[in-house]
Amino acid sequence: MACTAVVLCATGLLGGTATAATIDDPKNPSADPAKTADADARHLDDVRKKIDALYRKAEQATDAYNAAKEQVDVQQKEIVQLARTIDTTQHKLAALKRQAGALASAQYRGGGLPAEAKLVLNADPERFLDNATLARKGQLAAKRVMSQLAHLKGDLQRYSASATDRWQKLESNRKKKESAQRDIKKQIDAAKELESRLAAKEKDRLKKLEDERAFEQQQKWLDSGVLKDISNKASAEGKKAISYATAQLGKDYVWGAEGPDTFDCSGLTLRSWQAAGRTIPRTSQEQWRQLPRVALKDMRPGDLIIYFSDASHVGMYLGDGAIVHAPRPGRQVTITGAGSMPILGVVRPDGDAGHDGAAHTRDN
């Protein structure tokens with residue numbers, strides 16, 4: 001984890017003193033320089049908060065998009081499977097109808113007289129016994145064919161009803177997906193429009209403000225003494241997941257992306273754990289809901305830290321108080337402080353829950 005520590009020290013996220021944002025000379029020379037600088041700083045901080053809020057909304061919409069997309073994929077596969085089942089059942093039904101037709105034809109060729117009547121009218125004892133056996137077999141065959149016909153007709157009705165239900169759900173999730181997609185674009189466009197209004201120097205100062213905010217959150221988390229009990233020892237699978245995740249450093253964040261060239265936050269954790277041989281849910285919300293939870297003090301490298309009260313962001317713990325994650329549009333996969341965002345809890349893709357099985361929530 002030494003590499004992690006070096007990176008974090010370089011970005012100022014493991015501790016130390018925050019560097020104040022550079023304040024440019026005021027544009028209005030007649031104004032009080034201190035007041036102008038203070039007003040500029042407040043303005044930029046307001047812009048930072050608005051941009052953060054927009055990207056948070058985009059991330060929430062991305063999770064909704066990913067969930068709907070996953071459901072669409074599942075339902076499309078189910079519909080294809082149902083269509084094959086319906087086709088097979090229809091072929092079986094056609095074959096049974098042919099059998100039923102053959103039985104009816106045989107009865108017609110026999111003069112339409114029921115087998116039981118022929119049996120009673122036969123005076124030859126041996127022929128009587130032969131006819132009795134044949135009649136019994138014929139009755140059983142006819143009953144079996146009719147029973148199978150009724151059963152297959154019932155199956156066909158159920159499959160058809162199920163296919164109709166899947167189509168309705170598919171359409172519903174397609175609409176959710178399209179709505180989430182529009183929402184993502186709307187939030188990202190609004191954030192980009194806000195950033196585009198800033199001059200180059202202001203953009204640099206905005207980035208510094210973002211870094212300072214992350215530093216303050218991380219420093220507060222570290223000052224709580226949280227690291228003293230946390231292990232830096234990863235499982236064998238955890239090491240593989242970490243190796244994959246850190247190999248993606250510098251790749252762009254793209255909403256809905258699962259690699260190999262671009263990722264969103266849960267797309268990165270999904271592929272990282274797949275590389276370790278584990279299949280985990282696609283979205284950060286489902287990762288939080290379905291994976292075993294561990295207490296923060298029991299966290300180990302490779303575990304996933306879920307952020308914000310709506311579980312809309314996820315990063316992978318690296319040890320030494322750091323995570324690797326895909327932050328947001330306009331940013332790249334990077335290493336940052338694990339406490340730089342509000343932690344909802346921790347989940348472990350490769351094991352059972354900790355001894356108390358409880359999620360540990362901490363406000364930052």
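The figures that follow rest on heavy atoms only: side chains count, while hydrogens, waters and symmetry mates do not. If you're wondering where the values come from, they're calculated on a predicted model, not measured in any experiment.
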Could you give the distance from CH2 (W255) to CG (D63), rounded to the nearest 0.5 Å?
-> 13.0 Å
Do Q287 and S266 have side-chain N/O donor and acceptor atoms under 3.5 Å apart?
-> no
Taken to the nearest 0.5 Å, the spacing of I306 CD1 from I343 CD1 works out to 10.5 Å
Carboxylate-amine/guanidinium contact K239 D350, below 4.0 Å | no
Atom CG of N232 and atom CG of L318: how far apart are they, to the nearest 0.5 Å?
-> 10.0 Å
Salt-bridge present (R213, E210; N to O < 4.0 Å) = no
Steps toward side chain to side chain contact (heavy atoms under 4.5 Å, CB included) verdict (I323, M341) | CA-CA 11 Å; I323 61 165; M341 295 168 284; 3.9 Å; yes
Give a yes or no on whether L249 and V254 share a hydrophobic cluster (residues Ile, Leu, Val, Met, Phe, Trp, Tyr; joining criterion: side-chain heavy atoms under 4.5 Å apart).
-> no
Determine the sole option in N66, T62, T283 for which the side-chain hydrogen bond (donor to acceptor under 3.5 Å, both in side chains) test with D264 is passed.
-> N66
Please say whether the positively charged group of R293, taken as NZ for Lys or CZ for Arg, lies over the ring of W288, i.e. under 6.0 angstrom from the six-membered ring centre and within 45 degrees of the axis.
-> yes
Minimum heavy-atom distance between A234 and P301, given as atom pair plus value | CB-O, 3.5 Å
Here the gap from E286 atom CD to L270 atom CG, rounded to the nearest 0.5 Å, amounts to 12.5 Å
May I ask you to decide if E237's main-chain N or O and W273's side chain share a donor-acceptor pair within less than 3.5 Å?
-> no
Can you tell me how far the NZ atom of K220 sits from the CG atom of D223, to the nearest 0.5 Å?
-> 10.5 Å
Assign the ring pair Y307 / H313 to parallel, tilted or perpendicular, where the plane angle (0 to 90°) is split at 30° and 60°.
-> tilted
Grab the two heavy atoms, one from A241 and one from A276, that are nearest each other, plus how far apart they are.
-> N-CB, 3.8 Å
Interatomic distance, L268 atom CG to M316 atom CE [nearest 0.5 angstrom] = 6.5 Å
Any sub-3.5 Å donor-acceptor pair from E258's side-chain atoms to R271's backbone N or O?
-> no
